Amino acid sequence: MKELIKVKIGESVFSLAKGTPLSELIPQLKLGDKLLLFKSGQELLDLSFPADHDRELKPVTASDPEALEILWHSASHLLAQAVLELFPGVQAGVGPATETGFYYDFLRDQAFTPEDLVAIETRMGEIAAEDLPIRRLILKKEEAIRIFEERGQKLKVELIQEKGGAEVTCYEQGDFIDFCLGPHLPSTGYIKYVKLLSVSGAYWKGDERGPQLQRIYGTAFFSQKELNDYLNFLEEARKRDHRRLGQELELFHTSEDLGAGLVIWQPKGAIIRYLIENFWKEEHLKDGYDFIYSPHIAKLDLWKKSGHTEFYEAMYPPLELEGCQYQLKPMNCPFHIIAYKSRQRSYRELPLRWAELGTVYRYERSGVLHGLLRVRGFTQDDAHIFCREDQLEDEIKGVIRLAIRLLRAFGFENYQIYLATRPDKYVGSLADWEKAEKALEEALKSSSLTYQIDQGEGVFYGPKIDIKIRDAIGRLWQCTTVQLDFNLSERFDLTYVGEDGNFHRPFMVHRALLGSMERFFGVLIEHYMGNFPLWLAPVQMIILPIADRHEAYAREILSGLRAEGLRVKVDDSREKIGKKIRQAEIEKIPLMAIVGDKEMHGNSLSLRIHGQGDQGEMKIDTLLPRLKQLIQDKSLEIKL
RNA sequence: GCCAGCGUAGCUCAGACGGCAGAGCGGCUGAUUCGUAAUCAGCGGGUCGGAGGUUCGAUUCCUCUCGCUGGCUCCA
């Protein structure tokens with residue numbers, strides 16, 4: 001007589017013989033093929049999981065948030081099955097779910113071509129149609145190794161030898177078997193709506209000295225509609241691509257003649273940067289910051305002292321002048337430190353908050369460069385705060401408040417906040433780390449912000465808070481970082497004289513709120529899809545005269561509005577009004593003022609708002625104050 | 001840096017067996033003077049990313065190089 005296991009589902013309790021798969025419960029639950037898995041606490045169990053002890057289970061169906069990840073994982077197995085069938089001799093690596101789909105790594109001499117991907121996708125569809133059951137197997141380690149050796153899957157053998165215990169879990173569907181903890185969907189028939197997206201290189205076990213595998217990326221959904229929605233989302237993201245918009249709207253320019261990762265801000269981008277920087281400076285002054293300017297190079301010895309030559313890999317090679325070596329700066333910190341040390345500091349003058357839009361140069365590896373988001377020369381919206389221990393928490397709070405105030409102005413309302421704590425390798429005293437981590441956490445708590453802790457993910461020189469912002473289509477971007485630094489304060493022997501007359505070590509906070517002007521601009525372009533709000537738009541209004549005889553009137557309006565500080569231009573091309581409007585819409589100019597006979601006689605203009613269409617005729621005197629208000633408020637949309 | 005792919009007019013892209021280089025948009029000129037997303041006609045515009053090699057001949061094939069793209073790795 002086998003032991004009976006009690007399984008509670010909702011209000012009902014079922015009994016199962018120990019070791020029977022949970023799939024025995026299917027007929028009684030009346031969910032039919034909607035039932036995908038069970039959830040037991042935080043653990044997901046597939047239907048082939050054997051009843052082991054009394055549990056309370058929750059059925060998981062396609063509408064549950066957990067289901068998608070399992071679908072993706074199962075889809076990666078399906079991908080591997082198709083690839084191994086179509087390309088004998090290929091070895092499978094690993095194949096997990098990602099945040100938006102799945103991938104699988106393969107070792108193969110030839111590259112997978114786009115045609116190969118089509119063939120693989122087709123084969124995946126066929127296997128899905130066969131609706132093969134996906135079975136969970138528990139094998140003795142030696143047996144599992146033998147199975148994968150027979151199949152020539154050496155990478156799998158290596159994984160089992162490394163990770164497997166005495167017994168290992170494998171999953172089997174048709175002739176395909178994989179070393180995997182699961183869980184998985186009940187059968188391949190659930191994996192119907194699949195799209196393979198790309199293929200790229202990936203290192204075996206992430207080690208760049210090891211062999212390089214080919215990684216096939218894909219995604220899958222439970223319905224054609226969801227898959228289409230996701231593919232549309234990708235298309236939407238492509239339309240927003242800041243590299244494309246940056247060129248179309250003439251915001252910035254890169255050129256082979258400059259070198260990789262170096263950016264020219266063209267006039268339309270430069271005016272936006274100017275406006276952002278002014279706003280940034282005003283807000284920093286309000287928060288009691290002072291400004292610093294520092295040079296772009298300094299003696300190599302400075303960077304030896306700071307430890308950068310030793311620890312920082314992305315430095316440009318030094319250059320020699322009159323027998324002395326100089327270094328292009330990758331960071332601003334040492335300059336602010338030198339300013340701090342320019343004289344003795346008293347506890348009375350702390351905290352010092354020194355900000356600089358500091359341009360730095362980092363020799364990033366060529367392969368990581370990406371538009372404005374990863375460049376070699378960029379300007380950080382940097383600041384260093386030197387403060388006493390009793391000031392630390394308030395300073396951090398102030399930084400977070402300022403960060404959120406700035407980000408909100410651009411329409412970023414959703415954040416993911418991470419507190420990264422002490423890693424295994426660290427400098428500074430344990431006591432200082434504890435104080436600092438506590439201050440960071442208290443600052444977050446008292447700002448009533450939700451955050452998650454990244455245990456051990458701090459930098460070796462101090463704990464940090466990172467803020468990721470969510471853009472208009474839900475993507476996350478890392479911009480803000482607030483870091484404590486125990487390393488530089490020590491290396492440069494920073495001190496202040498305390499109330500007690502003794503020397504004390506100040507706490508040093510390093511922070512960038514927008515991150516860098518380049519990256520932030522890239523994110524902004526994508527966030528707004530090039531439709532900058534009125535206060536940032538390079539050209540706020542374009543005046544479109546209907547015929548030549550209206551041009552003088554157009555210029556009259558132009559000079560009037562320019563005198564009021566608006567960025568306005570006149571389209572004096574000899575095109576029809578329809579063409580002028582089209583051109584202005586393409587240039588994403590927020591306001592279009594159409595002027596013809598009617599307006600000339602009525603001393604008015606006919607307003608059209610980008611994306612909103614014709615607003616009708618109005619007097620300039622009524623429009624102007626409203627526009628000035630929108631600009632002053634940094635309004636994100638134009639409502640009149 | 002690594003794997004894979006790409007580089008043709010300002011932009012988006014065709015093209016060919018190795019044999020005079022093509023379109024649309026933009027630009028310029030002219031005509032049109034027009035009311036809410038493209039008026040018509042004409043004209044310019046190219047070291048086919050750069051260097052070297054093979055060849056009678058290379059934009060096309062080969063090598064190197066620069067730049068870009070998707071990833072990996074990295075990110076004090």
Side-chain angles (χ1 to χ4, degrees), chain A residues 93 98 103 105-114 116 197-217 238 241 243-244 247-248 250 253-262 303 306-315 330-334 360 362-371 373-374 380 427 458-462 464 478 481 483 485 487-488 510 512 544-551 573-587 592-599 606-617:
Chain A
T98 65
Y103 67 78
D105 288 345
F106 301 99
L107 184 60
R108 181 185 182 226
D109 291 337
Q110 293 133 288
F112 289 110
T113 63
D116 291 339
L197 295 168
S198 65
V199 56
S200 71
Y203 299 109
W204 174 234
K205 293 183 197 160
D207 181 354
E208 64 181 336
R209 290 156 303 187
Q212 189 145 19
L213 311 180
Q214 295 182 67
R215 176 168 296 178
I216 299 179
Y217 283 89
R238 262 192 288 278
D241 192 314
R243 293 165 299 189
R244 167 193 171 138
Q247 176 174 273
E248 285 173 6
E250 300 189 301
H253 183 65
T254 55
S255 162
E256 261 187 69
D257 296 333
L258 294 175
L262 302 172
W303 304 100
S306 68
H308 283 92
T309 46
E310 197 178 336
F311 294 109
Y312 194 66
E313 285 168 10
M315 299 239 280
M331 290 182 197
N332 305 301
C333 344
V360 295
R362 298 182 181 178
Y363 188 17
E364 303 286 357
R365 297 163 87 174
S366 56
V368 307
L369 300 172
H370 180 95
L373 302 180
R374 193 85 182 262
Q380 294 180 304
V427 300
V459 205
F460 78 89
Y461 55 71
K464 63 171 179 174
Q478 155 92 62
T481 185
Q483 309 183 347
D485 193 324
N487 182 47
L488 291 176
H510 170 108
L544 311 177
I546 292 199
D548 289 2
R549 64 177 178 282
H550 308 122
E551 267 179 36
S573 64
R574 292 166 73 184
E575 296 287 350
K576 285 165 55 169
I577 194 68
K579 178 70 175 286
K580 291 182 181 181
I581 286 169
R582 181 182 147 78
Q583 194 53 39
E585 292 280 355
I586 287 171
E587 285 180 39
M592 287 154 269
I594 289 113
V595 293
D597 291 335
K598 194 171 61 170
E599 290 79 8
S606 284
L607 190 72
R608 184 185 162 101
I609 301 179
H610 172 68
Q612 295 181 38
D614 190 1
Q615 305 293 307
E617 192 180 346

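Only a predicted model underlies this, so the values are computations on that prediction, with no experimental measurement involved. Below, all heavy atoms of this structure are taken into account, side chains as well, without hydrogens, waters or symmetry copies. Residue numbers start from 1 in every chain, and the chains themselves are labelled A, B, ... in the order their sequence lines are given, proteins ahead of strands.
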For this session: Apply side chain to side chain donor-acceptor pair (under 3.5 Å) to A:Thr481 and list each qualifying residue two or more places apart in sequence or on a separate chain.
Result: A:Asp466, A:Gln483
For this session: Using a 4.5 Å cut-off on heavy atoms from C-beta on, say whether the side chain of A:Arg108 contacts that of A:Asp116.
Result: yes
Exercise. Sequence neighbours excluded, which residues qualify as side chain to side chain donor-acceptor pair (under 3.5 Å) partners of A:Arg549?
Worked result: A:Asp597
All N/O pairs under 3.5 Å across the protein-nucleotides 69-71 of chain B interface:
{"from": "B:U69", "atom 1": "OP1", "to": "A:Arg243", "atom 2": "NH1", "distance (Å)": "3.0"}
{"from": "B:U69", "atom 1": "O3'", "to": "A:Arg243", "atom 2": "NH1", "distance (Å)": "3.4"}
{"from": "B:G70", "atom 1": "OP1", "to": "A:Arg243", "atom 2": "NH1", "distance (Å)": "3.2"}
{"from": "B:G70", "atom 1": "OP1", "to": "A:Arg243", "atom 2": "NH2", "distance (Å)": "2.9"}
{"from": "B:G70", "atom 1": "OP2", "to": "A:Arg243", "atom 2": "NH1", "distance (Å)": "3.3"}
{"from": "B:G70", "atom 1": "OP2", "to": "A:His370", "atom 2": "ND1", "distance (Å)": "3.3"}
{"from": "B:G71", "atom 1": "O3'", "to": "A:Tyr217", "atom 2": "OH", "distance (Å)": "3.0"}
{"from": "B:G71", "atom 1": "O2'", "to": "A:Ser200", "atom 2": "OG", "distance (Å)": "2.4"}
{"from": "B:G71", "atom 1": "O2'", "to": "A:Tyr217", "atom 2": "OH", "distance (Å)": "3.3"}
{"from": "B:G71", "atom 1": "N2", "to": "A:Gln212", "atom 2": "NE2", "distance (Å)": "3.3"}

Exercise. A:Gly206 near the nucleic acid: base, sugar-phosphate alone, or nothing, with a heavy-atom cut-off under 4.0 Å?
Worked result: sugar-phosphate
All N/O contacts under 3.5 Å from nucleotides 42-45 of chain B to the protein, with atom names and distances to one decimal?
none

Exercise. With sequence neighbours left out, what residues match A:Lys579 under side chain to side chain donor-acceptor pair (under 3.5 Å)?
Worked result: none
Every protein N/O within reach of nucleotides 59-67 of chain B N/O, cut-off under 3.5 Å:
{"from": "B:C66", "atom 1": "O2", "to": "A:Glu256", "atom 2": "OE1", "distance (Å)": "3.3"}
{"from": "B:G67", "atom 1": "OP1", "to": "A:Ala260", "atom 2": "N", "distance (Å)": "3.4"}

At a cut-off of 3.5 Å, list every protein nitrogen or oxygen paired with a nitrogen or oxygen from nucleotides 25-32 of chain B, distance to 0.1 Å.
{"from": "B:G26", "atom 1": "OP1", "to": "A:Lys579", "atom 2": "NZ", "distance (Å)": "3.2"}
{"from": "B:U32", "atom 1": "O4", "to": "A:Arg574", "atom 2": "NE", "distance (Å)": "3.2"}
{"from": "B:U32", "atom 1": "O4", "to": "A:Arg574", "atom 2": "NH2", "distance (Å)": "3.4"}

Exercise. Considering residues at least two apart in sequence or located in another chain, which fulfil the salt bridge (charged side-chain N to carboxylate O under 4.0 Å, His left out) criterion with A:Asp485?
Worked result: none
Problem set entry | With sequence neighbours excluded, residues passing salt bridge (charged side-chain N to carboxylate O under 4.0 Å, His left out) with A:Asp207 | A:Arg209
Problem set entry | Contacts of type side chain to side chain donor-acceptor pair (under 3.5 Å), residue A:Tyr312, not counting sequence neighbours | A:Arg362
Exercise. When the distance from OH of A:Tyr312 to C1' of B:C74 is rounded to whole Å, what number comes out?
Worked result: 10 Å
Exercise. Does A:Lys580 have any salt bridge (charged side-chain N to carboxylate O under 4.0 Å, His left out) partners at least two apart in sequence or in another chain, and if so, which?
Worked result: none
For this session: Go ahead and write out RNA chain B as dot-bracket, 5' to 3': ( ) for pairs within the strand, [ ] for ones crossing earlier pairs, | when the partner sits on another strand, dots for unpaired; Watson-Crick or G-U wobble, both distances under 3.5 Å.
Result: (((((((..((((.....[..)))).(((((.......))))).....(((((..]....))))))))))))....
